[in-house]
Participant: 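This is the structure I want to talk about, given as structure tokens.
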Amino acid sequence: MDFISYTFVNAVLSALAVFGCWLILRPQKIENRALHKSIDNNTKALEDLTGLINEMRVAQASVETNITNLWHRYKDLKGEVDKIHDHNRNLGNTSCLKK
């Protein structure tokens, strides 16, 4: 065999090796793309979930504030009602005390 046939055989073997590497790496490349897309979707979902949790915390703080305000208002109203009952008792009017 002469130099040209060795070069041709070497070129064919090199082409086969490149084609073999391409066949092996192509599915991995597709799998990597799918994995990256899945990671991006999970990251987006976590960001959305974090936003919802923060909104819930703000809403919960608002509800707690409203409950506290209502509780204080209830105490104030109860105090006023008790004063009126005491005043009526002192006047001898027991009709307001009936349940």
Participant: Using the side chain to side chain donor-acceptor pair (under 3.5 Å) rule, collect all pairs that involve residues 63-78, keeping only residues at least two apart or in two chains.
Facilitator: Q60-E64, K78-D82

Participant: Any Lys/Arg nitrogen of K83 or D86 sitting under 4.0 Å from an Asp/Glu carboxylate oxygen of the other?
Facilitator: no

Participant: Would a distance-only check, ignoring hydrogens and angles, find a side-chain to backbone donor-acceptor pair under 3.5 Å from S62 to V58?
Facilitator: no

Participant: Can you get from L25 to L16 by hopping between Ile, Leu, Val, Met, Phe, Trp and Tyr side chains that sit under 4.5 Å apart?
Facilitator: no

Participant: Listing request: all side chain to side chain donor-acceptor pair (under 3.5 Å) pairs with a residue in residues 20-41, at least two apart in sequence or in separate chains.
Facilitator: none

Participant: What's the separation between atom CG in N42 and atom CG in L49, rounded to the nearest 0.5 Å?
Facilitator: 11.5 Å

